[in-house]
2 protein chains.
Amino acid sequence: MTNWGRICAERLNALARVSEPGPGVTRLPFTPEHAAVLDLLRGWMAEAGLTHHLDDAGTLVGRHVGDGRKGTFYIGSHQDSVREGGAFDGIMGIVLAIAALQKLKDEGASPDCPVEVLAFADEEGVRWPTALVGSRAVAGTVDPAVLDMTDRDGVTLRAAMEEFGLAPERIGKIARDPATALGYLECHIEQGPVLEQADVPLGVVTAICGIERHVVTLTGETGHAGTLPMATRRDALVGAAALVAEVDRLAQETEGLRATVGELHVAPNVVNAVPRDVRLTVELRAPDDAMREEASRHLQDFAHRVTGNRGVDCDMQRSYRQPAQPCEPLLTNALARAVGISTGRTALRLPSGATHDASAMADLCPISMMFVRCRNGVSHTPDEHVSREDLEHAVEALSTFLAQMT
Amino acid sequence: MTNWGRICAERLNALARVSEPGPGVTRLPFTPEHAAVLDLLRGWMAEAGLTHHLDDAGTLVGRHVGDGRKGTFYIGSHQDSVREGGAFDGIMGIVLAIAALQKLKDEGASPDCPVEVLAFADEEGVRWPTALVGSRAVAGTVDPAVLDMTDRDGVTLRAAMEEFGLAPERIGKIARDPATALGYLECHIEQGPVLEQADVPLGVVTAICGIERHVVTLTGETGHAGTLPMATRRDALVGAAALVAEVDRLAQETEGLRATVGELHVAPNVVNAVPRDVRLTVELRAPDDAMREEASRHLQDFAHRVTGNRGVDCDMQRSYRQPAQPCEPLLTNALARAVGISTGRTALRLPSGATHDASAMADLCPISMMFVRCRNGVSHTPDEHVSREDLEHAVEALSTFLAQMT
């Protein structure tokens, strides 16, 4: 019996060797490393009986023709990594999809319907300040203005794509017809500790969390830390501390909500001066938009009330908002059954706190996602790791799921 | 009748014009500005009937010979400012002392005992990373090793003093005999809002607060703000926020204690990463060492307990300690009587949260301090201001006090 876990691990090793020099994996879009990875993927796609072509957004499309009907099911992920990242984030989903289709072909159990494996060029947005270009192109939502963005060497996305042999002026023509898009499945490492703590290899995603970010500016008054009496102080950091504590308390007590003050700057920031200004960020994520919006309103009220009580001025501006993307229940239930068969246990369901290509594909068709346990819950580091056993479970679950596509 | 408030205001204006270019007053020790200020002070000392000489630490000493007995009373302050500071911090105490002695001479009421006005060169410690050199030399506690410190242009304190015409190798010979030092009085702007809020021009200092400083390092674990569940987080900033709040609460509820987290740094300090490390400072000041030490123990216990509860490691290291210096009750009571006569109100007594030359002089003799109300309680800024009326009150109080010196 073929050991798909071992095969996938070996393929991921081979892909990880295609990296810029330095620790871990650094593989940016439209680079020699990207080209080298595409060559490896093309070979494995051919082994799996898939035809393949590179679209004008740099997405390698491997197609199982099936019964040739008009509708197509999509399964994909991204080939790129962050700088000094790991060997699994993104690219594992491509390797597993190809393996699952090859397994089904070997067993004579290929799905009836057409299936396309999509290997997107750029999800991380490391080289240019945009992301999801390949999946947005497929979904028909890409903004051609992004082609004029420059990387740190001044190279535009357009020029890099042309150098890579693509015709970026045709990026608008990649869009698929929603009427023929049956659905999308993405398999990704969890990037968190939930599966590891539950001692299960696979999980089924219920929704991709919505995100909102705020920049909070607290303005008090500085003064000499020795001579300014406590009662008259307008200490911006004391006000900020109350807000940091409340952000944490609210999320600890609200199932599903994640809330983080990740960035905080103090001025003048010296040992013997009362802090005058604090600038901090609040990020909220939730699988349910109403939950996130209620948390946002609560924190805005709290921030103004608690700082006002201390004579500190508070300005809280929302800098970013992205709605939650629920996964399609029919696909999710089918995936959960496949995960259950592969693992012998009821599938664990969890939200995705991170954004994925699936977020963009949701504009085209129903989406679903499967998470694979990653060691210590870490991602975006050379320490990323998925065991061979878990890769084997993932190939089994994906092939079981795809075999049902009739 | 001579308007000493107006005269002192004019003298302080003339001194403020002696500054490096730029906003406010910048007058560092052993510079052309320092030399120019000494010329002005020498002229006014002569008017007041004082002999004068420059000692080898750069302190201008103006002496009222009195009855020529061996014991001497000292009254002084510092000529230097911070960069872009004001026209009052430090130098006002010298101007007022000279004016008070001139007023007594004019009135034929000069003190019987010898009195020396001490105009110290360097209290702020802006140019070299040391301070109180002149007062420590007089008190006999100066460390000759400081002479080798360099300013930001690489000039040693020794070289700057020699260039200024001094013989720094003789700095150890300046020390006065404690047996003949009757006491020391320093008059300074409050650098805080207490007198202004109480609507009184003058205050009498009970003690110079002791100071201790701690560097607290909190170490948790970072992770993706979207994928790391709240319950498993070890967020260093959430731990730090609890400590910031407790530092403030303790001082708000402990009469006389001032406690400040002035400096705080977060790593990695990005919007979508859970904070891994926080480094912050805690500064405690109190007029009573036992109170300060109890607060210190409480905060250390709290920091370890509250961070331990969150899985955050806490290291709290004391980086600085300076004991409180109580003012001498006999001098303080005499000063309070003089302040009462000048202002027509019972003198307000308050601790000094800031360090002064008096802190060093305490090693030589009993000390006392008088504070003058400053507008909005600010110092170390071009906005420093003392009204002519308050300067007049101060000259009256000082002359009343000095007239009692028999």
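Proteins come first, then strands; the chains are lettered A, B, ... in the order of their sequence lines, and each starts at number 1. All of these numbers come straight from a predicted model, not from anything done at the bench.
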- When the 4.5 angstrom heavy-atom criterion is applied to V271(A) and chain B, the contacting part is both
- Message: Check this for me: E196(A), atom CD, are more than 12 non-hydrogen atoms of other residues, nucleotides or ligands nearer than 6.0 Å?
- Response: yes
- Enter the distance from M230(B):CE to R258(A):CZ here, rounded to the nearest 0.5 Å. 9.0 Å
- Note on the structure: Applying a strict 4.5 Å limit to non-hydrogen atoms, the region of A242(A) in contact with chain B is neither
- Query: Does a side-chain heavy-atom distance below 4.5 Å link V266(B) with E263(A)?
  - Reply: no
- To the nearest 0.5 Å, what is the distance between CZ (R285(A)) and CG (L228(B))? 11.5 Å
- Does CZ belonging to R321(A) count more than 12 external heavy atoms closer than 6.0 Å? no
- OG1-CG distance between T260(A) and N272(B), expressed to the nearest 0.5 angstrom: 9.0 Å
- Contacting moiety of R310(A), where chain B heavy atoms sit under 4.5 Å: side chain
- Applying a strict 4.5 Å limit to non-hydrogen atoms, the region of L257(B) in contact with chain A is backbone
- Message: To the nearest 0.5 Å, what is the distance between CD on Q252(B) and CZ on R233(A)?
- Response: 8.0 Å
- Task: Below 4.5 Å from any heavy atom of chain B, which atoms of H265(A) appear? Answer side chain, backbone, both or neither.
- Result: side chain
- Query: Which atoms of A259(A) come close to chain B, meaning under 4.5 Å heavy atom to heavy atom: side chain ones, backbone ones, both, or neither?
  - Reply: backbone
- Note on the structure: Bottom line for L284(A): the part with an atom under 4.5 Å from chain B's heavy atoms is neither
- Message: So which residue, G256(B), A241(B), P351(B), ends up with the most heavy-atom pairs under 4.5 Å with chain A?
- Response: A241(B)
- E283(A) portion near chain B, given a 4.5 angstrom heavy-atom threshold: side chain
- Task: Flag the one option from T281(A), L264(A), V261(A) with the top tally of heavy-atom pairs under 4.5 Å to chain B.
- Result: L264(A)
- Item | Options G262(B), G377(B), G353(B), A245(B), ranked by heavy-atom pairs under 4.5 Å with chain A, top entry | G262(B)
- May I ask you to check whether over 12 heavy atoms, not counting those of E255(B), lie within 6.0 Å of atom CD? no
